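Just so it is clear, the structure is predicted and the values come from calculations on it, not from any experiment.
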Amino acid sequence: LNYIKIYCMKFSTFNIKPQLIEILAKLGYVNPTKVQEVVIPKALKNENIIVKSETGSGKTHAFLIPLLSNVKFNKKLQAIILTPTRELGRQTYAFIDQVRKYEYYKNLQVKLFVSGEDTVKDLKSFNNGSEIIIATPGKLNYLIENSSLSLEDVNTVILDEADMLFDSGFFEDIDKIIKKIPQKPQIEVYSATISNKVRDFLRK
């Protein structure tokens with residue numbers, strides 16, 4: 001019975017913007033995965049979340065869907081998604097970019113800042129503002145330190161593939177970024193595994 005319930009549940013069951021539900025259906029997303037079923041209601045309510053779930057289980061959409069439902073179109077930075085690699089950052093950006101092709105989200109400002117790209121150009125783009133930023137931690141920490149852009153409206157920080165973030169030595173950069181956010185943000189952590197290093201950071 002539980003299996004049938006999970007399989008039959010739809011995104012329309014959640015308290016998601018109807019415009020987003022319609023877009024998801026057009027993109028072929030109607031039924032949530034098991035991890036999405038558990039995570040989305042909590043994320044929509046701005047709860048802190050730690051998610052351990054295998055690769056391919058739908059973790060990325062589990063955090064992007066609530067984020068896109070809650071975002072305000074005001075050109076103020078509200079959400080930061082920290083990713084360990086350029087490739088993962090581009091994949092995350094690609095999904096949001098699909099959503100932005102539809103009328104309701106066409107004015108949503110989302111920017112990608114990853115290592116290896118032109119820093120001067122990135123700094124100019126960063127200063128121009130956006131609602132959502134996807135970034136590798138080192139690049140974003142540099143941009144924040146060399147900009148006067150306010151982080152006072154940031155209410156969500158997402159650590160994607162957390163174990164990879166820490167294995168890549170991004171602990172210090174992540175710590176600095178979170179400390180620079182004036183208000184206490186919602187923190188969402190997603191990982192295929194949760195190492196002792198990640199547990200220690202989360203306790204902090």
Side-chain angles (χ1 to χ4, degrees), residues 2 4-83 88-89 91-111 130-135 151-162 174 177-178 181-192 194 198 202:
N2 286 337
I4 293 171
K5 179 185 175 184
I6 291 169
Y7 182 78
C8 292
M9 181 170 277
K10 295 184 177 181
F11 285 113
S12 54
T13 308
F14 305 123
N15 188 27
I16 297 170
K17 283 181 180 176
Q19 297 93 337
L20 180 56
I21 292 170
E22 186 178 333
I23 291 168
L24 289 172
K26 288 178 180 176
L27 293 174
Y29 300 102
V30 178
N31 303 102
T33 64
K34 187 174 181 179
V35 68
Q36 290 163 7
E37 181 190 347
V38 174
V39 169
I40 288 175
K42 296 179 182 296
L44 286 168
K45 292 188 282 188
N46 299 313
E47 294 182 19
N48 290 336
I49 300 168
I50 302 169
V51 179
K52 177 183 174 183
S53 186
E54 62 190 13
T55 301
S57 59
K59 294 191 296 291
T60 303
H61 291 165
F63 64 74
L64 285 181
I65 290 169
L67 199 60
L68 289 168
S69 186
N70 286 340
V71 70
K72 297 173 183 174
F73 308 126
N74 57 14
K75 292 190 178 179
K76 292 180 180 179
L77 180 58
Q78 298 154 54
I80 293 171
I81 302 170
L82 295 174
T83 181
L88 283 171
Q91 287 172 27
T92 303
Y93 181 85
F95 175 73
I96 300 180
D97 210 34
Q98 280 185 305
V99 173
R100 289 170 65 221
K101 290 174 182 173
Y102 292 88
E103 181 69 21
Y104 185 77
Y105 282 95
K106 71 175 184 178
N107 293 320
L108 177 65
Q109 295 293 310
V110 182
K111 292 182 179 174
S130 59
E131 285 96 6
I132 299 172
I133 281 178
I134 303 162
L151 301 182
E152 64 182 3
D153 291 289
V154 175
N155 52 43
T156 302
V157 176
I158 294 166
L159 309 184
D160 189 20
E161 299 298 346
I174 293 169
I177 290 165
I178 292 174
I181 300 170
Q183 63 176 328
K184 193 174 181 181
Q186 172 194 25
I187 296 181
E188 300 180 41
V189 179
Y190 295 82
S191 191
I194 303 288
V198 175
L202 295 176

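- Between His61 and Phe95, the ring planes lie tilted relative to each other; the angle falls in the 30° to 60° range.
- Residue Asn70 holds its CG atom at 10.0 Å from CG of Leu20, rounded to the nearest 0.5 Å.
- One finds the CD1 atom of Ile134 at 11.0 Å from the CG atom of Leu88 (value rounded to the nearest 0.5 Å).
- Here the side chains of Leu27 and Val99 are in contact, with some heavy-atom distance below 4.5 Å.
- Interatomic distance, CD1 of Ile194 versus CD1 of Ile50, reported as 7.0 Å (0.5 Å rounding).
- Around the NZ atom of Lys111, the shell of radius 6.0 Å holds more than 12 heavy atoms that belong to other residues, nucleotides or ligands.
- Across all their heavy atoms, Gln186 and Ala43 have their closest contact at NE2-O, 3.4 Å.
- Not one N or O on the side chain of Ser130 forms a donor-acceptor pair closer than 3.5 Å with the backbone of Val110.
- Interatomic distance, Gln78 CD to Thr156 OG1, rounded to the nearest 0.5 Å: 8.5 Å.
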* Asked: Glu103 and Lys106: salt bridge (Lys or Arg N to Asp or Glu O under 4.0 Å), yes or no, with the steps?
  -> CA-CA 5 Å; Glu103 181 69 21; Lys106 71 175 184 178; 3.0 Å; yes
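- Expressed to the nearest 0.5 Å, how far CD of Gln109 lies from CZ of Phe73 amounts to 11.0 Å.
- Nearest heavy-atom pair, Glu161 versus Ala192, reported as atom, atom and distance to 0.1 Å: OE1-N, 4.0 Å.
- Remark: side-chain polar atoms of Lys59 are paired, donor with acceptor, to backbone N or O of Ser53 under 3.5 angstrom.
- Sparse packing is recorded around NZ of Lys42, with 12 or fewer heavy atoms of other residues, nucleotides or ligands lying under 6.0 Å away.
- Counting heavy atoms from C-beta outward, Ile187 and Ile178 have side chains that approach closer than 4.5 Å.
- Closest of all the heavy-atom pairs between Ile21 and Phe11 is CD1-O, 3.9 Å.
- Side chain of Glu188 to main chain of Phe63: no donor-acceptor pair is present (N/O by atom type, distance under 3.5 Å, no hydrogens or angles).
- Residues satisfying the side chain to side chain contact (heavy atoms under 4.5 Å, CB included) criterion with Pro182, sequence neighbours excluded, are Leu151, Glu152.
- For the pair Lys26 and Tyr104, the cation-pi test (distance below 6.0 Å, angle within 45°) is failed.
- Of all heavy-atom pairs between Asp153 and Gln183, the closest is C-NE2, 3.7 Å.
- Put simply, the residue from Ile81, Ile158, Leu159 that forms a side chain to side chain contact (heavy atoms under 4.5 Å, CB included) with Tyr190 is Ile158.
- Contact of the Lys17 side chain with the Ser69 side chain is registered, since non-hydrogen atoms from C-beta on lie closer than 4.5 Å.
- The backbone N or O of Pro185 sits nowhere less than 3.5 Å from a side-chain atom of Asn155 that would complete a donor-acceptor pair.
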* Tell me, with the steps shown, if Val51 and Val35 meet side-chain contact (heavy atoms from CB on, under 4.5 Å). => CA-CA 8 Å; Val51 179; Val35 68; 3.6 Å; yes
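- A donor-acceptor contact shorter than 3.5 Å links the side chain of Glu131 to the backbone of Lys75.
- In this structure, Ile40 and Ala62 approach most closely via the heavy-atom pair CG1-O, 3.8 Å.
- A search for side chain to side chain contact (heavy atoms under 4.5 Å, CB included) contacts involving Lys45 returns Glu47, not counting sequence neighbours.
- With sequence neighbours excluded, no residue satisfies ring-ring contact (aromatic ring centres under 6.0 Å, His included) with Tyr102.
- When all heavy atoms of Leu108 and Arg100 are compared, the closest pair comes out as O-NE, 2.9 Å.
- Separating the CD1 atom in Ile177 from the CG atom in Leu82 is a distance of 5.0 Å, to the nearest 0.5 Å.
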